[in-house]
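Computed from heavy atoms alone, side chains included, the values below leave out hydrogens, waters and symmetry copies. Bear in mind that the values here come from a model prediction, so they are computed numbers and not experimental data. Ligands are counted one by one from 1 in listed order, and the atoms in each one are counted from 1 as well.
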Amino acid sequence: MVGSKVLETYLKENLQDLKSRGLYNVIDPVEGPNGPVINIAGRELINLSSNNYLGLATHPRLIDACIEATKKYGAGAGAVRTINGTLDIHVKLEEKLAQFKHTEAAIAYQSGFNCNMAAISAVMDKNDAILSDELNHASIIDGCRLSKAKIIRYNHSDMDDLRAKAKEAKESGLYKKIMVITDGVFSMDGDIAKLPDILEIAEEFDLITYVDDAHGSGVLGNGAGTVKHFGLSDRVDFQIGTLSKAIGVVGGYVAGKKDLIDWLKVRSRPFLFSTAVTPGAVAACIEAIDMLMNSSELINQLWENGNYLKKGLKNLGFDIGESETPITPCIIGDEVSTQEFSKKLYEAGVYAKAIVFPTVPRGTGRVRNMPTAAHTKEMLDKALDIYEKVGKEMGII
Ligand code: PMP
């Protein structure tokens, strides 16, 4: 095939550059379910890299719900939500989400990523400003950019910096609306946003509050998330969540006041212009939320496993950062060593992906461990043995 020469040179040079700097991400297809143990290239590996926190992605109840709904409604929803892609189960899911999050209403999207693209730009525009934590997720950054609002980054979880920037923005008189956006749980470090302080600042300067709780939902607040964990459910304007992590399926959502959700239904572009989530996925999400609202067993198991792995890695001498949740980074530092560490873990039987720039700042490369409720103690012990062996071999511990 003959294509553009300019593109060909651009891609060749840039791919080579990424590879030489250890920044090229190789994708290893998983041959089977994404459970606590996975098969890659014919080998069995302990999986410490999925977001399937509660093990629900492979839970029989979700699988059955997915099959039943697929038989009843078909494989696809057939249209965008605002034409005739809204099936009764989409509505049921949104009602459940509102219950789960303790809000008046909720709206579901195709993914957490497109939920952030949808929700921020539906409310904020070029006359507005957004105060955004410097470590916020890529989808928040892109959602902010899409809105054309002025983006003001504050230092990670630095409340003095947030307060000063909120005051300056408010007193400048330049902006019609000002929003503060934060992750609920920061995905690369596992620390929790200081929501009570953020809310206090927000109330002082009349800021719109937006919490993306992709990693807190199903994990904190007895499953309801970081906002509930702090008892702030009636004070946060936007509660964002994903259905792809603890819930184990796919999709994203906003939970909040009825007027906000009504507005998003008529103004958020992915809701208007992208086909609705498949019936099977929707039914599996409903099943998962029902399970979480009726039992804390999986959540407790997740925390037990998270604490066990964390303690084990810390005792071995790894730098596990300041995580307050089951997310457990092993911070290595430079990109090339981080990739090598992850590769050696892989060869020894642990799948723990290297996370490097641009996902985290340069020089803070890490192997991020995501223990789940589905891991057994034996699996975690085996993983710890491998960590010890590889860590010593590379002189990291
Ligand atoms: N927000 C945050 C904070 C995330 O960590 C992620 C997941 N990578 C997303 C949004 C995107 O969610 P999804 O995978 O459902 O698109």
*Within the distance-only criterion (no hydrogens, no angle test), does the side chain of Ser342 pair as donor or acceptor with the backbone N or O of Thr338 below 3.5 angstrom?*
no
Quick one: table the atom pairs, ligand 1 N or O against protein N or O, below 3.5 Å, distance rounded to 0.1 Å.
| residue | atom | partner | partner atom | Å |
| --- | --- | --- | --- | --- |
| ligand 1 | 1 (N) | Asp212 | OD2 | 2.6 |
| ligand 1 | 5 (O) | His215 | NE2 | 2.7 |
| ligand 1 | 8 (N) | His137 | NE2 | 3.2 |
| ligand 1 | 8 (N) | Lys245 | NZ | 3.1 |
| ligand 1 | 14 (O) | Ser244 | OG | 3.4 |
| ligand 1 | 15 (O) | Gly112 | N | 2.8 |
| ligand 1 | 15 (O) | Thr242 | OG1 | 2.6 |
| ligand 1 | 15 (O) | Ser244 | OG | 3.0 |
| ligand 1 | 16 (O) | Gly112 | N | 3.2 |
| ligand 1 | 16 (O) | Phe113 | N | 2.8 |

*Flag the pair Arg235 and Glu203 as a salt bridge only when some basic side-chain nitrogen lies within less than 4.0 angstrom of an acidic carboxylate oxygen.*
yes
*Find out whether Lys389 and Glu393 are in side-chain contact, i.e. whether some heavy atom of one side chain is under 4.5 Å from a heavy atom of the other.*
yes
*In plain terms, say whether Glu335 and Arg362 are close enough for a salt bridge, that is, a side-chain N and a carboxylate O under 4.0 Å apart.*
no
*How far apart are the closest heavy atoms of His375 and Met370, and which atoms are they?*
CE1-O, 4.1 Å
*Is Asp290 salt-bridged to Lys96, cutoff N-O under 4.0 Å?*
yes
